[in-house]
Amino acid sequence: MLYLLLPVWLLACPARLHAQDANYWSAGYGPAGFFMPGAVIAQNRDSGVLFYNPALLVNTQGTTSSLTGTIYQWHSIFMKDGLGTGLPLRSQGTSIVPMVASHAVPYIKRKLPFTLAYAIVHTPVIDYGVSQQKDVKQNVLGDAYSPGPETFIGQYKAANRIDQTSFQLAAGMRVSPKLSAGLTMEGVLHRQSFTVDFVSRAMMNPAGPDTVFAPITTVSEDYTATYRQIGFRARLGLAWEISASHHAGLLVTTPVWKILGKGTVLSNVEISNLMLGNSALNLLASSRQTRLPSRWKDPLSLAAGYTYLHKKGQLYACVEYFARVQPYLVLTPRSAAFIRPDTSNTSAYLELNDARKAVVNIGIGASYEVAPAFMLFASLRTDFSYAYDDTQAITEGYNANVTNWNMYHAQLGANLRRKRYYLRTGLLLSYGRNSAYLQKFNFDHPDERNLLIGNPGTVTASTVQAGLLVSYIHNF
């Protein structure tokens, strides 16, 4: 009974692994995740059940099931002086759950000339959340109407949570003794919740002896966008056995084609008692729009891999190109009242935007057999950001991404082989840095001229991730 229920149980397992929201190769299961079973483009004698290149499924010897994930992972994103001098922004957390569950059956009923595999792969792209406050006596307002330093309170919080769950059905077959081909059909559920919440307040100092309750100057902005989208994409792979020692692979991954998706936008902006010259500015903008069509995109990619097999292990290298994505709207608000009273079409201020530059990533890996049933693994890969730099930043609406730095990933571990199972465990290490990360707000010098949001500049932002990965593969 357990044998019959195992594939179903595996498909019921969710997973969680923190990554970045403007990078393609942060997740370990991919063309350069050499340490993770099946995460290769070219043949490497792996014990993987589900291969990223489906053409390699032809090497599966028997019915197998696998469960791969991080039993512990810690991540930290740190922005020094993120909201001003001495006001850093930090997001960190831990997770303990699986990531890939798969099942493979070669030559169904021994009548069909291909190997079939199905799997669920969960990728928590990012789980980012920060908050900060400045509470001081500071000269913020003009001395002509509020002499001396005012009580100033500035608050900021932001969050961006993105996760993807894909359901994959893959098949691989031999085209010739040296060449195999494969196809993966993948349904993708993409979810995002994005929030920015900012408020800046200054209490005016009494201008005369009869003033009891001083007016408060307030500038606030909050914006939340959430959506879910179901899409479809395919991967077409080829694997070529050049010789007993040399193997190559090619993979084409299509863009994601939307099937359906809806989202919601909620936004409020308020400005009160902000003195500009001799008059006070007061503004109210508010809107909530539901059932907005989503248009999240993921581009075409082309990948190639090469493996050199020797008596004691393998050497592996791969490269993947991701096409550019022109600026587009993930969520497009309807023309409706926002700034009150409604005087014009201001829906552009509610937009959720995305744009991606072309990216090329490379990865290398090696394994070495130290004993007949014990093999060591090591791999390195780049993970360049597809986010545009600050000079190309959007001018209206909000950017769907928070991070925009290049990442570098390392994996170290070992594989233990037994007759009925494989057990692989090791460390996942990642690092990224941007020395010119653009602030959204800066509480160093807020005043009327900058609407109490300060003068944003650039700061140093970095991220560190560490995890312990375990993979179990059972051969029936």
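Note that the structure is predicted; figures quoted are calculated from it, not measured. Note that the numbering runs from 1 along the sequence shown for the chain.
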Got a list of side-chain donor-acceptor pairs under 3.5 Å for residues 317-332, not counting sequence neighbours?
residue	atom	partner	partner atom	Å
Glu320	OE1	Trp25	NE1	2.8
Glu320	OE2	Ser301	OG	2.8
Arg324	NE	Tyr388	OH	2.8
Arg324	NH2	Gln326	OE1	3.4
Tyr328	OH	Lys297	N	3.0
Tyr328	OH	Asp354	OD2	2.9

Next item on the list: Please work out whether the ring planes of Phe232 and Trp257 are parallel, tilted or perpendicular, with thresholds of 30° and 60°.
Entry: parallel
Check: Leu376 and Ala414: which non-hydrogen atoms are nearest, and at how many Å?
Finding: CD2-CB, 3.8 Å
Next item on the list: Could you grab the distance from atom CD of Gln229 to atom NE2 of His190, nearest 0.5 Å is fine?
Entry: 7.5 Å
Item checked: Polar side-chain atom of Thr254 near backbone of Ala234 as donor-acceptor pair, under 3.5 Å -> yes
Next item on the list: Would you please indicate if the ring centroids of His247 and Tyr306 are separated by under 6.0 Å?
Entry: no
Checklist line | Distance-minimising heavy-atom pair for Leu350 and Ser267 | finding: CD2-CB, 3.3 Å
Check: Do Phe198 and Tyr156 make the cut of ring centroids closer than 6.0 angstrom?
Finding: no
Margin query: Using a 3.5 Å distance criterion without hydrogens, assess whether the side chain of Asp21 forms a donor-acceptor pair with backbone atoms of Val402.
Written below: yes
Notebook entry, point to check: Counting only N and O atoms by type, is there a donor-acceptor contact under 3.5 Å from the side chain of Asn406 to the main-chain atoms of Phe384?
Noted result: no
Next item on the list: Please work out which of the three classes, parallel, tilted or perpendicular, describes the rings of Phe34 and Tyr316, given edges at 30° and 60°.
Entry: parallel
Margin query: Tell me whether Gln132 contacts the main-chain N or O of Gly82 through its side chain, where contact means a donor paired with an acceptor under 3.5 Å.
Written below: no
Next item on the list: Please name the pair of heavy atoms, one in Leu300 and one in Pro255, separated by the smallest distance, quoted to 0.1 Å.
Entry: N-CG, 3.7 Å
Next item on the list: Kindly determine whether Thr382 and Asn361 satisfy side chain to side chain donor-acceptor pair (under 3.5 Å), including the steps that lead there.
Entry: CA-CA 6 Å; Thr382 65; Asn361 283 321; 3.3 Å; yes
Note to self: Checking the side chain of Ser166 only, and the main-chain atoms of Glu186 only, is there a donor and an acceptor separated by less than 3.5 Å?
What the structure shows: no
Margin query: Checking side-chain polar atoms at under 3.5 Å, does Thr184 have a donor or acceptor matched by the opposite partner on Gln168?
Written below: no
Next item on the list: Could you tell me whether a side-chain N or O of Arg417 sits under 3.5 Å from a main-chain N or O of Phe374, the two making a donor and an acceptor?
Entry: no
Checklist line | Atom pair CG (Leu469) and CE (Met36), whose distance is rounded to the nearest 0.5 Å | finding: 5.0 Å
Item checked: Over all atoms of both residues, closest heavy-atom pair of Pro456 and Gln439 -> CB-O, 3.4 Å
Item checked: Asn268 and Glu221: side chain donor to acceptor below 3.5 Å -> no
Next item on the list: Locate the shortest heavy-atom distance separating Leu56 from Ile41; write the atom from each residue and the value.
Entry: CD1-O, 3.8 Å
Check: Taking C-beta and beyond as the side chain, do His409 and Leu428 meet within less than 4.5 Å on heavy atoms?
Finding: no
Notebook entry, point to check: Residues in salt bridge (charged side-chain N to carboxylate O under 4.0 Å, His left out) with Arg295, at least two apart?
Noted result: none
Margin query: Donor-acceptor check, side chain of Gln192 to backbone of Ala400, threshold 3.5 angstrom: yes or no?
Written below: yes
Check: Do any N or O atoms from the side chain of Asn415 and from the backbone of Met375 form a donor-acceptor pair under 3.5 angstrom?
Finding: no
Next item on the list: Say whether, by atom type as modelled, one donor and one acceptor occur between the side chain of Asn23 and the main chain of Trp405 under 3.5 angstrom.
Entry: yes
Next item on the list: Check whether any side-chain N or O of Asn399 sits under 3.5 Å from a backbone N or O of Asn401 as a donor-acceptor pair, and report yes or no.
Entry: yes
Check: What do you reckon, are the aromatic ring centroids of Trp296 and Tyr227 less than 6.0 Å apart?
Finding: no
Checklist line | Asn53 side, atom CG; Gln43 side, atom CD - distance, nearest 0.5 Å | finding: 10.0 Å
Next item on the list: Answer yes or no for Arg235 and Tyr52: cation-pi contact, defined as NZ/CZ to six-membered ring centre under 6.0 Å and angle to ring axis within 45°.
Entry: yes
Next item on the list: Take Asn44 and Thr307 through the test side chain to side chain donor-acceptor pair (under 3.5 Å) and record every step on the way to the result.
Entry: CA-CA 6 Å; Asn44 69 336; Thr307 300; over 6 Å; no
